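Ligands are counted one by one from 1 in listed order, and the atoms in each one are counted from 1 as well. Keep in mind it's a predicted model, so treat the numbers as computed, not measured.
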Amino acid sequence: MPSPPVLISEADIQIRVDELAAQISLDYADKGDVVLIGVLKGSFIFLADLARKMTIPRTIEFIAISSYGKTSVSTGAVRLLMDVRSNIADRHVLVVEDIVDTGHTLKYLIGLLESRQPASIKTCALLHKAESAEVDVNIDYIGFGIDDEWVVGYGLDFAEHDRALPYIGTVLPADRAKK
Ligand code: PRP
């Protein structure tokens, strides 16, 4: 099967990740340590690049979520599959997502993490599909706004394919039924 067409190139991603890391490092410069919580699986590459470009003390955590009924129409039901390992009370938390689509996952996560009384909680998403929003959720740092298309690469998958592509590509309508 041919490679998915490029939506956002590897070079453009790296430029934007550098910018985000610089902005976040500036914003948290006086905060001591920031806990980066990557949402598995999709955020693993973005988090790795972002964390390495940041210049302030940071701790890495992961959390895993499962969303039910995520076919063409999301039901919005979300379940915790794997929790973070650290106590986040009184710490500065930055949730790192590869993509915010309907917003249900991020909204659930913010509620869950807020109940643990962190010093602050902010959110960062590489991609944001504003057109698809079903719930109101605040995203403090956004890499790229995209249209409502199916995207793969740089951590994102389509039926577990193409997560390791170095760029963000689009899944063509003709390929959507093939995998
Ligand atoms: C994707 C993405 C977000 C979520 C966003 O995860 O990584 O966590 O969907 O969608 P929402 O805004 O509609 O809730 P997915 O469920 O595909 O799992 P994965 O990261 O393991 O691929």
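- Side-chain N/O atoms of T59 and D33 include a donor and acceptor closer than 3.5 Å.
- Residue Q117 places its CD atom among 12 or fewer non-hydrogen atoms of other residues, nucleotides or ligands, all under 6.0 Å distant.
- No donor-acceptor pair under 3.5 Å is formed between the side chain of R16 and the backbone N or O of D12.
- Counting only non-hydrogen atoms, the option in I63, D157, I65 that gets closest to atom 22 (O) of ligand 1 is D157.
- Every residue meeting the salt bridge (Lys or Arg N to Asp or Glu O under 4.0 Å) condition with K41, not counting sequence neighbours, appears here in chain and number order: E160.
- Side chains of S43 and E97: no donor on one and acceptor on the other come within 3.5 Å.
- E134 does not count as a contact of ligand 1, since none of its heavy atoms falls under 4.0 Å from the ligand.
- Here R163 has side-chain heavy atoms under 4.0 Å from ligand 1, and that is the only part of it that gets that close.
- Here D98 has side-chain heavy atoms under 4.0 Å from ligand 1, and that is the only part of it that gets that close.
- Here is the list of ligand 1 atoms found below 4.0 Å of a heavy atom in T102: 11 (P), 12 (O), 13 (O), 14 (O).
- Shown here are the salt bridge (Lys or Arg N to Asp or Glu O under 4.0 Å) partners of D83, two or more places apart in sequence or in another chain: R116.
- Under 4.0 Å from ligand 1, not a single heavy atom of V78 appears.
- Any N or O atom pair closer than 3.5 Å counts here, and G103 shares at least one such pair with ligand 1.
- A distance-only check finds a donor-acceptor pair linking the side chain of K129 to the backbone of E149 [under 3.5 Å].
- Interface atoms of ligand 1 facing T105, defined by a heavy-atom separation under 4.0 Å, are 4 (C), 5 (C), 8 (O), 10 (O), 11 (P), 14 (O).
- Taking any N or O of G42, backbone or side chain, at least one lies under 3.5 Å from an N or O belonging to ligand 1.
- Distances below 4.0 Å separate heavy atoms of E97 from the following atoms of ligand 1: 2 (C), 3 (C), 7 (O), 8 (O).
- Counting non-hydrogen atoms of neighbouring residues, nucleotides and ligands closer than 6.0 angstrom, the NZ atom of K53 reaches no more than 12 such neighbours.
- Taking every non-hydrogen atom of L40 and a distance limit under 4.0 Å, the qualifying atoms of ligand 1 come out as 20 (O), 21 (O).
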